[in-house]
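In what follows, a structure is listed as structure tokens, so that the remarks can point back to it.
Atoms considered below: every heavy atom in the structure, side chains included; atoms not considered: hydrogens, waters and symmetry mates.
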Amino acid sequence: MLAVATLAGCTAGTPDRTPPRKLAGSFEELLDRTLARPGINDFERGVYQRAKETGRIAQADYGEAYSRLSTCASEGGEPITLRRLKNGIYRVRTTPLSPGKSLDQAMDVVAACMKTTTGFIPELFQIQQINPDLLGDSFEAEYHCLERSGLIPEGYSVEKYRKSQLEEPPLGKRSTDDMPFDFESDEVQSCLLGRM
């Protein structure tokens, strides 16, 4: 889900480019930018307009977007499973591939469904839940979310977290092996922008 960087107008995850300090001046500004994009469907438009009135994307609208995605993926032969995390964000898992389908083909089905169902709703909802300060650096935003959740021990800096995500791990190790928390846990996953 690389649309977070698209919405922000930056490439926050690339080491050779400095992201802007803020994604936008306000969440409403992000909504306005999204509403101005071509190809927004009627359901999405309604979600964004309601969010502009309330200042937030409603959990019910987010849930409806994923219900539509799940139906579309199932109809396309590639059902998904959804797991709701404590902050309301869904963790999406693919089911075993349909016979004769490759992972790329399955991802194509899900990507096509996202265009016609969820659009940018997941990315905006994640920003709302994980990055309320609208920080332009996704690693810093994730780090602060992990910190708010009590998962960051003393001495583990945002620089160490960023390094663990950007540098190639030594042979035989995963980039997450030296993290002071279980990277695959739901609690940690609920703080990751666009990497569910």
Audit row: V92, Y66, side-chain contact (heavy atoms from CB on, under 4.5 Å) steps and yes/no: CA-CA 9 Å; V92 179; Y66 271 96; 3.5 Å; yes
I'd like to know if [X] pairs up with [Y] as an ion pair, taking the criterion as any Lys NZ or Arg NE/NH1/NH2 lying under 4.0 Å from an Asp or Glu carboxylate oxygen.
X: E140; Y: R21; value: yes
X: E29; Y: R33; value: yes
X: R162; Y: D137; value: yes
X: R50; Y: D61; value: yes

Donor on one side chain, acceptor on other, E44 and Y48, under 3.5 Å: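 Short answer, yes.
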Contact summary for [X] and [Y], nearest pair of heavy atoms:
X: Q129; Y: I89; value: CB-CD1, 4.0 Å
X: L23; Y: G136; value: CD2-CA, 3.8 Å
X: C72; Y: T117; value: CB-CG2, 4.2 Å
X: L146; Y: F181; value: CD1-CZ, 3.8 Å

Whether Y62 and F125 hold their rings parallel, tilted or perpendicular, with breakpoints at 30° and 60°: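 Answer is parallel, since the angle falls under 30°.
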Aromatic plane relationship, Y156 with Y143 - under 30° parallel, 30 to 60° tilted, over 60° perpendicular: parallel
Heavy atoms of other groups near R45 CZ, more than 12 under 6.0 Å: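 Result for CZ/R45: enclosed.
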Counterpart residues, side-chain contact (heavy atoms from CB on, under 4.5 Å), relative to K52 (two or more places apart):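 Counting only residues at least two positions away or on another chain, K52 forms a side-chain contact (heavy atoms from CB on, under 4.5 Å) with E28, L31, D32, L35.
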Summary of salt bridge (Lys or Arg N to Asp or Glu O under 4.0 Å) pairs that have at least one residue in residues 67-77, sequence neighbours excluded: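 Qualifying pairs, neighbours excluded: E64-R68.
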Of K173, K160, K163, the residue whose pairing with D178 passes side-chain hydrogen bond (donor to acceptor under 3.5 Å, both in side chains):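 With D178 as partner, K173, K160, K163 yield a single side-chain hydrogen bond (donor to acceptor under 3.5 Å, both in side chains), made by K173.
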